[in-house]
Protein chains: 2
Amino acid sequence: MNPVGQLIRVDRSSPVPLYFQVAQRLEELIESGQLVPGTRLENEIALADQLGLSRPTMRQAIQYLVDKGLLVRKRGVGTQVVHAKVRRTVELTSLYDDLHRTHQQPRTEVLSFGETEAPDEVAVALALPTGAPVLAIERLRYAQGEPLAVMRNYLPAGLLQLSSEDLAKHGLYQVMRSAGINLRLADQTIGARKATAAEAKALGEARGAPLLTMIRTAYDDAGRAVEYGHHAYRASLYSFELTLVAR
Amino acid sequence: MNPVGQLIRVDRSSPVPLYFQVAQRLEELIESGQLVPGTRLENEIALADQLGLSRPTMRQAIQYLVDKGLLVRKRGVGTQVVHAKVRRTVELTSLYDDLHRTHQQPRTEVLSFGETEAPDEVAVALALPTGAPVLAIERLRYAQGEPLAVMRNYLPAGLLQLSSEDLAKHGLYQVMRSAGINLRLADQTIGARKATAAEAKALGEARGAPLLTMIRTAYDDAGRAVEYGHHAYRASLYSFELTLVAR
DNA sequence: GAGTGGTCTAGACCACCAG
DNA sequence: TGGTGGTCTAGACCACTCC
């Protein structure tokens, strides 16, 4: 048993929800190693008592970390710390966000940019009539000075004001978010294939080199398909990492 | 507005939790198209009232579907149906489970099976000392009569009784589950590379064909690393599909 | 201002697990 | 048999959105 209650204090004057304050603090304790994997927490009622919270609020905090994969609960047994490692669960982010967060100096070269008629594949994905106007973007993404990926994106025309310069400086998702588009869902398909001659040249790979591909359709919080992308990454430099949590 | 309350009834004598009954029924209504994307649900209190539930219970049902990506809630606005499509969110399953569910007639050929000393990479992943005994398994997976993937797995020795015959008939995760091992977390890395000569031959691909690779470490509900796998799939036949939900 | 979801409380009973 | 988490109730106040 561990006196977790003594390591956590909540601030009732803070605008941050109580359950979230507790969850954050617990996460800190786990990631800093003060609560090692295997540690059993006190029961919910005792914890709630020590922190001056009601049981449902304490439960909400614990549930949040269970969903994140940091804690495990078993009826009749208790709550245990599962993992210490900092783990990223699957997130709805863009390559730019990922690279920026890990300080990999992303740089973007906009290869082409402009309105066009949606090809069949794009029209279907975005739920538009064939030939509807879409904004087509083709970019070459660099990280640490090396070309990393060829990215092709399609957005419904008129969805947002966007300039080629914006894209050179920010990630597409970043631009969309600041335009008030809230991304909610994305369907992704990850596969692999050989590089075409043009791709190999752009990416500095040999002909026929293996590329990792990702096709994504993203939906906003109104359920509209707002972006379709078809990307190809150098398999020698890039891979997708994800952590799955069983329900 | 939609009279959802009239389409749902709960059975208080059922052992199924009330919130889950409601969530399941709502999911049915959405997937069957009776609630089309964009539909606004009545507010929580009205729904709870119509079903004879308390508001927290009704909220729990709605939250379950929000987490699944079927509903979206906005404060001050309401709850809307986002998607109708049957979507699989990221799950902790094995290739065998996936193929079996989609009726693709999985077949397994066990190429090698036996105890060995853990190579460095495996020992690190399973948190064992280098050279510790592990069960090493190499399998060739077929679907619809075609070779699909070469799978290499390592399990701590003595974790479970396992025969080569079990593996020919069932998926590894299925066998582990029925042995009482509850998988909770998995770290995965998805990448791509060229096939080695041996892989190309086993899989019926040309030399240097692109393969999709997946490296996975799985943990049980006590936080122990229980399985490490390194798999290679024919990119021409296989891809990973996943749906992400923003938090 | 009216209506919505977000948070929180203080209880209650039950199902499951371990000793 | 005692302790744990799982579920459920009937309220309350607040923050946000839209009109």
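Computation of the quantities below employed the complete heavy-atom set of this structure, encompassing side-chain atoms and omitting hydrogens, waters and symmetry-equivalent molecules. Remember, it's a predicted structure, so these values are computed and weren't measured experimentally. A, B, ... follow the sequence lines: proteins, then strands. Residue 1 opens every chain.
A straight line from CD of B/Q80 to C1' of C/dG5 spans 13 Å, rounded to a whole angstrom. A/D67 has its CG atom 14 Å from the C1' atom of D/dG6, to the nearest Å. If you measure from atom CG of B/D221 to atom C1' of C/dC17, you get 13 Å, rounded to the nearest angstrom. Rounded to a whole Å, the CD atom of B/E44 is 8 Å from the C1' atom of C/dT4. Rounded to whole Å, atom C1' of C/dG3 lies 14 Å from atom CG of B/L47. Rounding to whole angstrom units, CD1 of residue B/I45 and C1' of C/dT4 are separated by 9 Å. Spacing between atom NZ of B/K74 and atom C1' of D/dC18 amounts to 12 Å, rounded to whole angstrom units. We find that CG of B/L71 is positioned 16 Å from P of C/dT4, with the value rounded to whole Å.
Between the side chain of A/Q80 and the main chain of A/G38, a donor-acceptor pair closer than 3.5 Å is present. A distance-only check finds a donor-acceptor pair linking the side chain of A/R25 to the backbone of A/L7 [under 3.5 Å].
The shortest heavy-atom contact between B/L128 and B/A132 is CB-CB, 4.0 Å. Closest approach of A/V72 to A/V82, counting heavy atoms only: CG2-CG2, 2.7 Å. For B/D11 against B/Q21, the heavy-atom pair with the smallest separation is N-OE1, 2.8 Å.
Donor-acceptor pairing under 3.5 Å is lacking for the side chains of A/Y64 and A/E27. Side-chain contact check for B/E227 and B/Y173: at least one donor-acceptor pair (N or O, by modelled atom type) lies under 3.5 Å.
Remark: B/R73 is in phosphate contact with C/dG6, judged by side-chain N or O atoms under 4.0 Å from OP1 or OP2. Residue A/N43 has a polar side-chain atom (N or O) positioned under 4.0 Å from OP1 or OP2 of D/dT4. Under 4.0 angstrom from either OP1 or OP2 of C/dG5 there lies no side-chain N or O belonging to B/R59.
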Which pairs, protein N/O on one side and nucleotides 8-15 of chain C N/O on the other, fall under 3.5 Å?
unit_1: C/dC8; atom_1: OP1; unit_2: A/L18; atom_2: N; d: 2.3
unit_1: C/dC8; atom_1: OP2; unit_2: A/Y19; atom_2: N; d: 3.3
unit_1: C/dT9; atom_1: OP1; unit_2: A/R12; atom_2: NH2; d: 2.8
unit_1: C/dT9; atom_1: OP2; unit_2: A/S54; atom_2: N; d: 3.0
unit_1: C/dT9; atom_1: OP2; unit_2: A/S54; atom_2: OG; d: 2.8
unit_1: C/dT9; atom_1: OP2; unit_2: A/T57; atom_2: OG1; d: 2.6
unit_1: C/dA12; atom_1: N6; unit_2: A/R55; atom_2: NH1; d: 3.1
unit_1: C/dA15; atom_1: O4'; unit_2: A/R75; atom_2: NH1; d: 3.3

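Rounded to the nearest 0.5 angstrom, A/I30 CD1 and A/K68 NZ are separated by 10.0 Å.
Between B/Y228 and the options B/N153, B/L155, B/I215, a side-chain contact (heavy atoms from CB on, under 4.5 Å) holds for only B/I215.
Helix-axis bend for the helix from C/dG1-D/dC18 to C/dA18-D/dT1: the local axis fitted to the five terminal pairs at one end deviates from that at the other end by 20°, rounded to 10°.
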